[in-house]
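Notes follow the structure.
First the proteins, then the strands, lettered A, B, ... as listed; each starts at 1.
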Amino acid sequence: MENNFAKKLIEWYKINLRDLPWRKTNDPYKIWVSEIILQQTRIDQGTPYYLSFINKFPNVKKLSESTLDELMKVCQGIGYYNRIVNMHKCAKIVVIEYNSNFPTKYSELIKLPGIGDYTASAISSICSGESKMVVDGNVIRLFSRLYNLNYQQHSSIMKKTIKKIGEKEILKFNSGDFNQALMDYGSMICSPKKYKCDKCIFSKSCEAFKFDIVDELPVKKKNITISQRFFNYFVVIDKSLKVKIHKRKEKDIWNNLYEFELLETNNKISVKDAETYLEEKHQRLSFKKKHQLSHKLTHQVLSIDFWIFEVDEVFKYGIDLPSLNNYPFPKPIFTIISKIQ
DNA sequence: TTCCAGGACA
DNA sequence: TGTCCTGGAA
């Protein structure tokens, strides 16, 4: 065990802390927004979203009054959209049950949708000084190396073990600083690949460094199965240059985002197949062109064909191409929209 | 081109 | 315990 772990860590933090927008505030609403946006998202990628989010929804009341579509549009491209849906639910609850005062106690936060142990610990330690230790990916990496913990990363036994070690340390100082210091240290020094053991102030007592197994920790889970899917999107453009879109509502990827008419198949289809499929619904259609791309998700690879057709009719609920920019779309669909506009 | 990081929830 | 997504690094 490293002597004065918390003291050294916080001294390091005071000198090396990153100047991030959400570190200038103690407003629990803003801290919450930053924590949700940074879930599963790197700081570089998340920061622009945080800034435009706060600009558009400066407080929880404004957020609760927005429509889900507006909210999703602001977050288009961020990924893991269920967290955004949960933010909307959470904002409405805070307005009603907490009179728009965002809670700062762990016991209240943990009950809100989209807030788990990590986020509740982060907000409560930063905003009300509660001694709840955050255990995110950075902390898991740091501790698994310092103490040579061989449990699978992200397992509950791993998190429990780390909290047990850390909970004595967090009591000694400002718990918000301690938590942010932990995560900064894990991300800046004890990084996944380019770990900087030469700069690490704990390397003398680090088990992984001692046994030269830093690159073997933390132990990763392997062999996830990846399925291949074939999506066919029909972009049918009518006489007034309008198209039809709808919101995805299935229990599947991209829930609550918009898309064109979709036909999922077991294999790639031909132009003839596409025409045959559309002929049942439209008369006098002409095939214009096909865009194709491949899109990878964690557990599936999507082979997506976009079939662009023109038809000799006028849709009742069509949307003109420039107005598509007002709707939230998954990344690959938005890529194609930019091409056809 | 492939690999990989990163919390909540059913 | 598997599934949500994206983009940067290798």
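- One N or O on the side chain of A:Y49 and one on the backbone of A:I78 form a donor-acceptor pair closer than 3.5 Å.
- Note on A:E264 versus A:R229: salt bridge recorded, some NZ/NE/NH1/NH2 to OD/OE distance being below 4.0 Å.
- The residue A:I36 sits apart from the nucleic acid: no heavy atom pair falls under 4.0 Å.
- Nearest-nucleotide positions on DNA chain B place A:R42 closer to the 5' end than the other of A:R42 and A:P113.
- With rounding to whole Å, A:D215 atom CG is found 15 Å from B:dC4 atom C1'.
- For A:R83 and B:dG6, the shortest distance from a side-chain N or O to OP1 or OP2 is not below 4.0 Å.
- As rounded to whole Å, 15 Å separates atom C1' of B:dC9 from atom CD1 of A:I84.
- Taking atom CD on A:Q152 and atom C1' on C:dG2, their separation rounds to 12 Å, with Å as the unit.
- When each of A:G79 and A:D44 is assigned the nucleotide of DNA chain C bearing its nearest heavy atom, the one mapping closer to the 5' terminus is A:G79.
- Here A:Y80 lies in heavy-atom contact (under 4.0 Å) with a base.
- Within 4.0 Å (heavy atoms only), A:H295 reaches sugar-phosphate atoms of the nucleic acid but no base atom.
- Look at A:K111 and A:E108 and you find no salt bridge, because none of the NZ, NE, NH1 or NH2 atoms lies under 4.0 Å from a carboxylate O.
- Regarding A:N255, its CG atom lies at a distance of 14 Å from the C1' atom of B:dA10, rounded to whole Å.
- Contact between the side-chain N/O atoms of A:W254 and the OP1/OP2 oxygens of C:dT3 is not found at any separation under 4.0 Å.
- One finds no side-chain N or O of A:K220 lying less than 4.0 angstrom from the OP1 or OP2 phosphate oxygen of B:dC3.
- Look at NZ on A:K194: it is 19 Å from P on B:dC3, rounded to the nearest Å.
- Heavy atoms of A:D136 sit under 4.0 angstrom from primed sugar atoms or phosphate atoms, though from no base atom.
- Checking side-chain atoms of A:D238 against main-chain N and O of A:K242 turns up a donor-acceptor pair under 3.5 Å.
- C:dT6 atom P lies 8 Å from atom OH of A:Y49, rounded to whole Å.
- Residue A:N138 places at least one side-chain N or O closer than 4.0 Å to OP1 or OP2 of B:dG6.
- Between A:K193 and C:dG8 there is no side-chain N or O to OP1 or OP2 distance below 4.0 Å.
- Using a 4.0 Å cut-off, some side-chain N or O of A:K331 falls inside it from OP1 or OP2 of C:dG7.
- A salt bridge links A:D19 with A:K24: at least one charged nitrogen is closer than 4.0 Å to a carboxylate oxygen.
- Summarising the geometry, the separation between CD1 on A:I37 and P on C:dG7 is reported as 15 Å, rounded to the nearest angstrom.
- Nearest to the side-chain atoms of A:Q39 among the listed nucleotides C:dC4, B:dC4, B:dA8 stands B:dA8.
- Relative to the side chain of A:Q40, the nucleotides B:dG7, B:dC4, C:dG7 differ in distance, and B:dG7 lies closest.
- The distance between atom CG of A:N86 and atom P of B:dC9, rounded to the nearest whole Å, is 6 Å.
- Not a single donor-acceptor pair under 3.5 Å links the side chain of A:T104 to the backbone N or O of A:S128.
- Between B:dA5, C:dT6, B:dA8, one nucleotide has an atom nearer to the side chain of A:P192 than all others, and that is B:dA5.
- Between A:T119 and the phosphate of B:dA8, there is a side-chain N or O to OP1/OP2 separation shorter than 4.0 Å.
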